[in-house]
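This report concerns only the one structure given below.
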Amino acid sequence: MKIIPGPASQLLASRVAQQLGIQPTICEYRQFPDGEFYTRILDDGIDDVTIIQSTPQDSDLIALLQLIDACEEAPQINVVIPYMGYARQDKVFKPGEPVSARAIARTINADRVFTVNVHEQTVLEHFNADSFDLDASHLLGDYIRSLNLKDPLIIAPDAGALDLAETAATDVGVPYDYFEKTRHSGESVTIKDKEIDVVGKEVIIIDDMIATGGTMAESIRMLKEQGATEVYVACVHPVLTRNAVVRLYNAGVTDIISTDTLEKVQSKITVAPLIADAIKKL
């Protein structure tokens, strides 16, 4: 088995290879003057391959497609997309819109596809391959437990993240709850002031991803006003676009905790063991 690291997942792929006791395959990536992307795998051996590449940017998807094509002669091609861009565009909201998640999934030509806490499970149905979603919630729970907080409470920012919060809370052995959120647009949300006893508690708000940080910032302020001593935010995917980090710290966050599905400063948890275990079972 070869581990092929995409340009967006170099560190994660190296960690997965280390878990498997092998060396990741060296690849060359560069961009032509006209903007086109160039990819080359510097190993001409024919083996089963696992390509690991998140797709936060359009160029990352192009790199993934090029890597898949470069491995065309491999007996088996496994593709791991730790963070899948466009996964939130999983349905038609207005006439004339594409189901972008479906459009992207249909471009992946592989034997198996793995995602990590994909935003909507229905996206898996669109891949032309056996597809599996890996759950990193237990890893979040393990990290939260390692903080040794005195009186922690895990809160989901909305009902959609409740399963994630419940799993992590069960692992830690602490209570959990959720806020009632109404989304008005991509950046505008309203958090309903819900009666949750947070006085003197260390609260961890947990979600699958943090993008603009708007929902989290509003939740942090609310919890602080209600008497929480500390507020952490935890997520699988640290998208953290534009000024999200500053917004969170301005709101009073104690720390931002995330995994390395996207390789950021906040990526304190690696999903490498999760991916390595899935590969070992092939």
Side-chain angles (χ1 to χ4, degrees), residues 4-10 12-13 27 29 31-32 34-39 41 49-72 74 76-136 158 160-161 164 183-189 207-212 215 235-242 244 259 261-263 271 275 278:
I4 311 290
S9 299
Q10 298 278 292
L12 175 56
C27 301
Y29 303 108
Q31 199 167 22
F32 289 114
D34 63 358
E36 290 185 357
F37 205 67
Y38 174 85
T39 298
I41 300 172
V49 300
T50 295
I51 302 167
I52 302 176
Q53 167 74 339
S54 285
T55 57
Q57 304 292 328
D58 292 352
S59 58
D60 295 317
L61 174 63
I62 297 300
L64 175 57
L65 297 179
Q66 289 179 325
L67 288 171
I68 292 171
D69 192 76
C71 295
E72 187 177 28
Q76 287 197 346
I77 300 175
N78 305 304
V79 171
V80 180
I81 311 176
Y83 171 77
M84 179 183 171
Y86 292 91
R88 287 182 287 176
Q89 297 187 44
D90 63 306
K91 57 178 68 71
V92 173
F93 297 92
K94 298 177 182 178
E97 290 181 345
V99 179
S100 296
R102 179 178 61 196
I104 298 301
R106 285 175 173 174
T107 67
I108 307 299
N109 183 21
D111 294 291
R112 299 180 192 87
V113 175
F114 297 89
T115 56
V116 179
N117 290 96
V118 70
H119 193 69
E120 292 293 342
Q121 291 286 318
T122 54
V123 172
L124 300 178
E125 301 170 5
H126 302 310
F127 288 105
N128 296 314
D130 294 333
S131 54
F132 310 88
D133 189 49
L134 307 178
D135 182 14
D158 55 37
L164 189 65
R183 178 168 292 280
H184 306 288
S185 68
E187 297 185 15
S188 176
V189 298
D207 206 351
D208 65 331
M209 71 175 67
I210 305 174
T212 63
T215 301
C235 67
V236 178
H237 309 297
V239 180
L240 299 171
T241 59
R242 293 181 289 189
T259 79
T261 59
L262 293 169
E263 296 170 3
V271 296
I275 295 170

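FYI, the numbering just counts along the sequence from 1.
With sequence neighbours left out, Arg112 forms a side chain to side chain donor-acceptor pair (under 3.5 Å) with Gln76, Asn78. Looking at residues two or more places apart in sequence or on another chain, you find no ring-ring contact (aromatic ring centres under 6.0 Å, His included) involving Phe93. With sequence neighbours excluded, no residue satisfies side-chain contact (heavy atoms from CB on, under 4.5 Å) with Glu72. Glu263 is linked by a side chain to side chain donor-acceptor pair (under 3.5 Å) to nothing, counting only residues two or more places apart in sequence or in another chain. Taking Phe37 as the reference, nothing meets the ring-ring contact (aromatic ring centres under 6.0 Å, His included) condition, with sequence neighbours excluded.
Between Cys71 and Ile77, the shortest heavy-atom contact is O-CD1, 3.3 Å. When all heavy atoms of Ala211 and Ala244 are compared, the pair lying nearest together is O-CB, 3.4 Å.
Put simply, the side chain of Val49 does not reach to within 4.5 Å of the side chain of Leu67, judged on heavy atoms. Residues Pro238 and Thr261 are in side-chain contact: their nearest non-hydrogen atoms beyond the backbone lie under 4.5 Å apart. Within the 4.5 Å cutoff, side-chain heavy atoms of Val92 are placed close to those of Val99.
Remark: the backbone N or O of Ser9 is not paired with any side-chain donor or acceptor of Ser54 at under 3.5 angstrom.
Remark: Gln31 CD is packed, more than 12 non-hydrogen atoms of other residues, nucleotides or ligands lying under 6.0 Å away.
Pairs engaging residues 57-71 under the side chain to side chain donor-acceptor pair (under 3.5 Å) rule: Thr39-Gln66, Asp58-Tyr86 [sequence neighbours left out].
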Pairs of donor and acceptor atoms involving the side chains of residues 101-110, under 3.5 Å and at least two apart or interchain, shall be tabulated with distances.
residue: Thr107; atom: OG1; partner: Ile104; partner atom: O; Å: 2.6

If you look only at distance, which donor and acceptor atoms sit under 3.5 Å apart when one is on a side chain in residues 113-124 and the other is two or more places apart or in another chain?
residue: Thr115; atom: OG1; partner: Asp133; partner atom: OD1; Å: 2.6
residue: Asn117; atom: OD1; partner: Ala136; partner atom: N; Å: 2.7
residue: Asn117; atom: ND2; partner: Asp135; partner atom: OD1; Å: 3.1
residue: His119; atom: ND1; partner: Asp208; partner atom: OD2; Å: 2.7
residue: Gln121; atom: NE2; partner: Asp133; partner atom: OD2; Å: 2.7

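In this structure, CD on Gln53 lies 8.5 Å from CD on Gln10, to the nearest 0.5 angstrom. Distance check, rounded to the nearest 0.5 Å: CD1 of Ile4 to SG of Cys27 gives 5.0 Å. Separation of atoms OG1 (Thr259) and OH (Tyr83) is listed at 12.0 Å; rounding is to 0.5 Å. Taking CG of Leu240 as the reference point, atom SG of Cys235 lies at 6.0 Å (rounded to 0.5 Å). Put simply, CD1 on Ile275 and OG1 on Thr50 are 10.0 Å apart, with the number rounded to the nearest 0.5 Å. The line from CE of Met209 to OG1 of Thr241 is 11.0 Å long, rounded to the nearest 0.5 Å.
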